[in-house]
Structures are given as C-alpha cells and as structure tokens.
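What follows is a single structure, written as structure tokens, with notes after it.
In this chain, numbering begins with 1 at the start of the sequence shown.
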Amino acid sequence: MKIVIVGGVAGGATAAARLRRLDEQAEIVVFERSGYVSYANCGLPYYIGGVIEDPEDLTLQTPESFFARFRVDMRVRCEVTAIHPDKKTVAVKNLETGEEFEERYDKLILSPGAKPTQPRLPGAGLEKLFTLRTVEDTFRIKDYIRAHRPRSAVLAGGGFIGLELAENLRELGMEVTIVQRPRQLMNPFDPDMAAFIHGEVRRHGVRLALGRTVEGFAERDGGVDVLLKDEEPLHADMVVLAIGVTPDTALAKAAGLELGLKGSIVVNDRMETSIPGIYAVGDAVQVKHYVTGQDAVISLAGPANKQGRIAADNICGGDSRYPGSQGSSVIKVFDLTAASTGVNETNAAKAGLDVDAVVLSPMSHAGYYPGGKLMTMKVVFEKGTFRLLGAQIVGYEGVDKRIDVLSAAIHAGLTAIQLKELDLAYAPPYSSAKDPVNMAGFMAENLARGVVKQFRLEELGRLPRDGSVTLLDARTAEEYARGHIEGFRNIPVDELRERLGEVKRGRPVYVICQSGLRSYIACRILAGHGYESYNFSGGFRFYDAVMNDRRLIERAAACGMDQ
C-alpha cells in the first residue's frame with residue numbers, strides 16, 4: 001500500500017509516524033512545500049523575541065531524522081499542484097529544480113493547513129508588511145528586525161499570534177499597537193473576561209486600537225501607514241498581518257472535494273472526505289464542535305495531531321472516530337495566563353442555548369501559604385440541566401491546571417454541579433482543600449437548589465434606582481470608600497445582623513462585595529430573616545475591571561485615538 005500525504009507539520013507528520021507504527025511495509029511519501037516538515041508553529045513568536053535562541057530548536061524533525069526512524073520519504077520544497085482522484089495520482093512540482101512529475105497513491109491524506117488571512121487591500125504587497133505562519137515567515141521578520149532595528153510595529157489582529165508577537169516585540173523594546181475591527185482581543189473569551197487581557201497588555205505598554213477597520217497600507221517616511229476607515233492612519237516601521245487564518249483548500253476544491261465553512265474540507269468522523277480513499281486532517285477541515293454539535297473550523301495543534309492519528313488508524317484497517325473539537329487553549333500574555341475550553345457565553349447563546357454562568361475569583365493556592373495569586377474564572381452552563389458548556393480563566397498561577405480539569409469534565413459529560421464532587425489533589429503550595437473547580441460546582445449547586453439567586457453584570461444597569469429595590473454593598477467601609485457603584489449603600493457583612501433595621505422589608509435586596517463571597521453570606525443572612533436577595537456574580541473587582549475596560553474603549557472611539 002502506498003500512502004501520499006500532502007503537508008507535514010502537526011497533522012501530516014503525525015499521520016506518517018502512526019502509519020509506520022501500524023504498517024512496516026507501507027510506502028509513505030510526504031510532500032511539504034516549505035523547507036520544514038515538522039516544526040513548532042506555536043514557538044515562532046518566541047524565536048522572534050529571543051526567548052528561543054537557536055533556530056534549530058524550532059525544528060522537531062528533519063527529513064533525515066524522520067527517514068532514519070520511520071523510513072518515511074519526506075520531500076520538502078515540493079508542492080502538490082493538483083489531485084487526480086480518477087487516476088489516483090497527484091501532480092507535484094519541485095520548487096528548487098522546477099521539475100514536475102506525478103506520484104501515484106493508494107490512499108491520500110490532505111494536511112495543507114491554513115494560510116494567513118490576507119484581505120485584498122491596497123498596499124498589501126509592501127515590503128515592510130509581514131505575515132507569520134511558517135518558519136520562513138519567522139526568519140524574514142527576524143532578519144528584518146536585525147537589519148533595520150525598527151522601533152515600532154502595528155499588528156493587525158489580536159488573536160493568539162497577534163498577542164504572542166506583541167509580547168515578544170515589546171521585549172525587544174519596540175512600540176506596539178494592535179488594531180482590529182472587533183472590540184475585544186481573543187475571541188474565545190467573552191468580552192467581560194477579555195477585559196482582564198486588555199488590562200494586562202495595556203500595563204505592558206501595548207496600545208489597543210479596537211473597533212477600527214483597516215482599509216489599506218501605504219509607504220510613508222520610511223515606514224508604513226495603516227489606513228483606517230474614517231480615522232487618521234497608524235504609522236509604524238513595520239506591520240504584521242495577524243487577523244486569522246483561512247483553510248488552504250484550493251487543491252481540494254479543484255479536485256472536487258466537498259467544502260464547508262470558510263472553504264474547509266468536509267470530512268466525517270473517520271476523517272474521510274467526500275471522495276473515497278482521500279482523507280483530510282488539521283486546520284483545513286471542518287469538524288463538529290464537541291459541545292454544540294455544530295459545524296466548526298478550529299485551528300489548533302491538539303486536534304490536528306489527533307486527526308492525523310485517526311486517519312492513519314483507519315487507513316490501516318482500524319475504526320477510529322473523531323468526536324469533535326472542544327477548542328481548549330491557553331496563552332501566555334506577558335505575566336498573565338489566559339485559557340478557555342468549550343464555548344463561551346456569547347457563542348453558546350448564538351447557538352441557541354439557554355445559558356448561565358458563575359464568576360469567581362479564587363486564589364491559586366491556600367491563602368495562608370505565601371505567594372498565592374487571584375485568578376478569575378467563568379464557568380458557563382445550560383440553564384435547567386446545568387450541562388457544562390465551557391469555561392474561561394485568567395490569572396497567574398494554576399490557570400492551565402484548572403482549565404484542563406474543566407476540559408476533561410466537559411468531555412466526560414459532567415454537569416456544573418458535579419464539579420463539586422471531583423477529588424482533586426491538594427497541598428498548600430498548589431491548591432486549596434476546596435479547589436477553585438470545586439468552588440464553581442458549589443456555586444452552581446447553590447443556584448440549582450435555590451440557596452442563592454444571582455444577578456449578572458448585564459442586569460446591573462437595569463436595576464431601578466427609585467427605591468423599589470435595596471442596593472447593598474457588603475464590603476468594609478474602607479473598601480467602599482475606595483470605589484463603589486452609584487446607588488449602593490454600604491453595610492459591612494459583619495454588621496448586617498445588627499443593622500437589619502436599615503434594610504426595608506418587602507423589597508428585593510441586591511448585594512455586592514469584592515469577589516462574591518461576603519455578598520453570598522449576606523444573602524444567606526437576609527434569607528434567614530425573610531428577605532428576598534440576589535448576589536452579584538463576580539463581585540466589585542470583576543465589575544470594576546470590565547467597566548474600566550469599556551470606558552477606555554469608548555473614550556478611544558470618541559477621541560479617534562489609540563488607547
């Protein structure tokens with residue numbers, strides 16, 4: 001059996017290695033148009049910033065090492081230009097010699113990946129305009145920085161690559177501005193959670209130009225103007241387009257394969273395309289979202305590796321199935337760690353789900369052990385059933401641990417309430433006896449049982465200020481004096497029982513504190529004395545971060561200036 005694989009890196013290289021482990025006799029040929037068959041795509045920004053110093057560290061395997069171990073024929077700088085399903089051949093061009101030839105196959109795996117999204121805008125071909133997707137792209141940016149010592153950069157796009165590159169360029173001492181049409185960075189996060197990411201990048205000197213539409217690029221004064229709709233242009237020494245990726249499926253389209261979202265290749269759960277004998281994996285394929293069941297395109301290394309393995313299993317006579325992508329991810333943002341899994345609240349609502357969430361601010365480990373740091377967690381679930389839908393965490397320590405636990409819980413079909421039952425490892429330097437994940441479960445259980453009712457940030461502005469409800473801040477007088485929400489009066493929770501006479505009966509009481517814990521206790525006190533009460537989800541710390549971010553974005557929009 002002869003298997004031809006188009007594209008290496010995550011999906012293709014994984015498929016090739018798995019094929020050899022399952023079939024020692026198969027002939028396996030991989031065509032990769034770049035010069036690198038298996039490299040650390042996610043490490044590219046860190047090489048530019050100097051965190052990774054040796055360029056060879058980016059290369060996971062070479063054609064020689066792959067052949068030595070797996071006897072796989074890895075042909076780099078060879079581009080597949082056409083697929084002929086009727087003849088079971090692919091047309092190939094050697095990019096170094098110009099030679100063109102056809103290669104026969106019994107089974108074909110497509111792993112073409114995705115290419116940087118490049119809108120057709122004036123000036124898109126300028127020399128000082130870059131994209132970052134391949135090792136070659138990385139070397140071009142690195143060489144330009146070494147040769148020209150640019151002092152400023154504009155990054156068009158605030159996703160994974162944009163944020164990682166912003167951090168690394170700042171480490172090189174460059175002035176960095178991120179510009180994009182959406183009014184938030186990192187779309188896997190809800191706007192309220194993205195506020196914490198915005199705050200971190202601002203603290204490190206990155207300017208944000210959110211809600212701006214880029215209309216083109218122009219050379220000026222030795223640099224590049226980024227032309228914005230209805231605003232003055234942004235000027236920088238260099239510009240990097242990081243507005244996302246698009247499935248690279250021109251070959252598949254020309255061959256007549258069925259395409260789906262964003263031109264991606266439609267596959268079934270065995271990674272089979274619409275043409276028998278042809279499989280597809282990685283960033284170029286359409287998958288089912290594990291939580292919503294809807295079609296999705298999710299460009300992440302983890303799913304690509306799993307899909308490559310599944311395709312190889314099935315080619316070798318197995319019956320492996322891909323259950324769908326959950327979209328679990330984590331990113332370092334300067335000193336911050338931000339992670340997400342499943343669907344966020346925004347996308348869950350768009351998918352037609354009746355959704356709710358709990359927001360909490362636990363410590364990374366036991367409070368009495370030195371060095372603990374706050375994290376902000378948002379756990380999203382379906383109303384009524386409490387089916388766990390997704391989670392987002394932003395913090396400094398222990399974020400990756402908790403998001404992985406929550407990811408596993410979603411995959412296992414647990415409810416938000418069942419999080420309280422998880423038996424998680426505890427020692428003071430690492431966690432608390434009631435882990436933050438358990439705490440989210442306790443909060444969900446309280447909601448399910450009616451032990452407490454909550455109100456959310458989006459409801460806050462709708463609360464009447466005419467005296468028909470009582471607005472109560474349960475923090476200390478000192479905390480209240482440092483900042484509070486207009487209309488909320490201060491009765492510290494430890495004084496509440498003695499001052500219940502100041503809380504009028506027969507009116508709902510809406511309570512807030514710094515993180516949500518003291519206000520929860522206040523609600524229980526009030527409930528014990530016959531009051532109807534509601535606890536603010538997330539607390540004043542959460543409110544303050546989100547509202548401050550919104551004010552900065554609105555102010556920048558009104559002034560026509562970057563933040």
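In this structure, H198 contributes its side chain and L185 its backbone to a donor-acceptor pair below 3.5 Å. Remark: side-chain polar atoms of D237 are paired, donor with acceptor, to backbone N or O of R151 under 3.5 angstrom. In terms of modelled atom types and a separation under 3.5 Å, the side chain of R387 and the main chain of V291 share a donor-acceptor contact. Looking only at distances, a side-chain donor or acceptor of D23 sits under 3.5 Å from a matching main-chain atom of Q25. In this structure a side-chain-to-backbone donor-acceptor pair under 3.5 Å is present from R20 to E24. A donor-acceptor pair is defined here as one N or O able to donate and one able to accept, closer than 3.5 Å; such a pair exists between the side chain of Q180 and the backbone of G158. Using modelled atom types, no side-chain atom of H84 and backbone atom of D86 make a donor-acceptor pair closer than 3.5 Å. Under the 3.5 Å distance criterion, the side-chain polar atoms of D137 are matched with a main-chain donor or acceptor of T134. Side chain of N314 to main chain of R270: a donor-acceptor pair is present (N/O by atom type, distance under 3.5 Å, no hydrogens or angles). D225 places no side-chain N or O within 3.5 Å of a backbone atom of F217 that could act as its donor or acceptor partner.
Rounding to the nearest 0.5 angstrom, the gap separating the OG1 atom in T292 from the NZ atom in K350 is 13.0 Å. One distance of note links CZ of R133 with CG of L241; it measures 14.0 Å at 0.5 Å rounding. Summarising the geometry, atom CG belonging to D283 is positioned 13.0 Å from atom NZ belonging to K115; distances are rounded to the nearest 0.5 Å. Here L95 contributes atom CG and R77 contributes atom CZ; the two are 5.0 Å apart, rounded to the nearest 0.5 Å. With rounding to the nearest 0.5 Å, the separation of CG in N347 from CD in Q294 is 9.5 Å.
You'll find the side chain of V176 stays beyond 4.5 Å of the side chain of R207, heavy atoms only. Inter-residue side-chain proximity for I553 and L208 is flagged as unmet; no heavy-atom pair is nearer than 4.5 Å. V343 places none of its side-chain heavy atoms less than 4.5 Å from the side chain of V380. A 4.5 Å side-chain heavy-atom check between V281 and L110 finds every atom pair outside the cut-off. Put simply, the side chain of L389 does not reach to within 4.5 Å of the side chain of I410, judged on heavy atoms. Using a 4.5 Å heavy-atom cutoff, the side chains of L155 and T177 are not in contact. Using a 4.5 Å cut-off on side-chain heavy atoms (C-beta onward), P116 and L132 make no contact. The shortest side-chain heavy-atom distance between L336 and V394 falls under the 4.5 Å cut-off.
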- Task: With side chain to side chain contact (heavy atoms under 4.5 Å, CB included) as the test, would you mind laying out the steps for V206 and R170 before giving the verdict?
- Result: CA-CA 8 Å; V206 176; R170 282 296 294 155; 3.6 Å; yes

- Message: Does V285 form a side chain to side chain contact (heavy atoms under 4.5 Å, CB included) with V287? I'd like the steps, not just the answer.
- Response: CA-CA 6 Å; V285 306; V287 297; 3.8 Å; yes

- Trace of the side-chain hydrogen bond (donor to acceptor under 3.5 Å, both in side chains) decision for N305 with T14: CA-CA 6 Å; N305 277 280; T14 296; 2.6 Å; yes

- Message: Evaluate D190 against Q392 for side-chain hydrogen bond (donor to acceptor under 3.5 Å, both in side chains), listing each step before the verdict.
- Response: CA-CA 8 Å; D190 286 311; Q392 302 150 63; 2.9 Å; yes

- Task: Take L163 and I197, measure what side chain to side chain contact (heavy atoms under 4.5 Å, CB included) needs, and give me the verdict at the end.
- Result: CA-CA 10 Å; L163 276 186; I197 299 173; 3.9 Å; yes

- Task: Before giving the answer on side chain to side chain contact (heavy atoms under 4.5 Å, CB included), spell out for M238 and V224 the whole-Å C-alpha distance, their side-chain angles and the decisive distance to 0.1 Å.
- Result: CA-CA 6 Å; M238 63 181 292; V224 181; over 6 Å; no

- Task: Decide yes or no on side-chain hydrogen bond (donor to acceptor under 3.5 Å, both in side chains) for E103 and T89, but give the supporting numbers first.
- Result: CA-CA 5 Å; E103 192 83 17; T89 65; over 6 Å; no

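Sparse packing is recorded around NE2 of H411, with 12 or fewer heavy atoms of other residues, nucleotides or ligands lying under 6.0 Å away. The local environment of NZ in K332 is crowded, with over 12 non-hydrogen atoms from other residues, nucleotides or ligands closer than 6.0 Å. Within a 6.0 Å radius of CZ in R69, other residues, nucleotides and ligands contribute 12 heavy atoms or fewer. For R33, the CZ atom sits in a loose shell: 12 or fewer heavy atoms of surrounding residues, nucleotides or ligands are nearer than 6.0 Å. No more than 12 heavy atoms of other residues, nucleotides or ligands lie within 6.0 Å of CD in E175, so this atom counts as exposed by the packing criterion. Remark: R181 CZ is loosely packed, at most 12 non-hydrogen atoms of other residues, nucleotides or ligands lying under 6.0 Å away.
Ion pairing between a basic and an acidic side chain is recognised when a charged N comes within 4.0 Å of a carboxylate O; K378 and E345 show such pairing. Of the charged side-chain nitrogens involved, none lies within less than 4.0 Å of a carboxylate oxygen, so that K2 and D106 do not count as a salt-bridged pair. Ion pairing of K128 with E219 is absent here, as no side-chain N (NZ or NE/NH1/NH2) approaches a carboxylate O to less than 4.0 Å. The existence of a salt bridge linking D143 and R140 is excluded, since no basic side-chain nitrogen approaches an acidic carboxylate oxygen closer than 4.0 Å. R75 and D73 are joined by a salt bridge, as a carboxylate oxygen and a charged side-chain nitrogen come within less than 4.0 angstrom of each other. Of the charged side-chain nitrogens involved, none lies within less than 4.0 Å of a carboxylate oxygen, so that D230 and R212 do not count as a salt-bridged pair. Look at E102 and K87 and you find a salt bridge, because one of the NZ, NE, NH1 or NH2 atoms lies within 4.0 Å of a carboxylate O, short of that distance. Residues E200 and R203 are paired through a salt bridge, judged by an N-O separation under 4.0 Å between the basic side chain and the carboxylate. Between D269 and K288 there is no salt bridge, since none of the side-chain N atoms of the basic residue sits less than 4.0 Å from a carboxylate O of the acidic one.
A cation-pi contact links R71 to F67, judged by a cut-off of 6.0 Å to the six-membered ring centre and 45° from its axis. Annotation: cation-pi pair K142/Y47 present, NZ/CZ under 6.0 Å from the ring centroid and within 45° of its normal.
With no hydrogens or angles considered, a side-chain donor-acceptor pair links S34 and E32 at under 3.5 Å. Between T273 and E258, the side chains place no donor N or O within less than 3.5 Å of an acceptor N or O (distance only, hydrogens not considered).
Relative orientation of the H204 and F334 rings is parallel, given thresholds of 30° and 60° on the angle between their planes.
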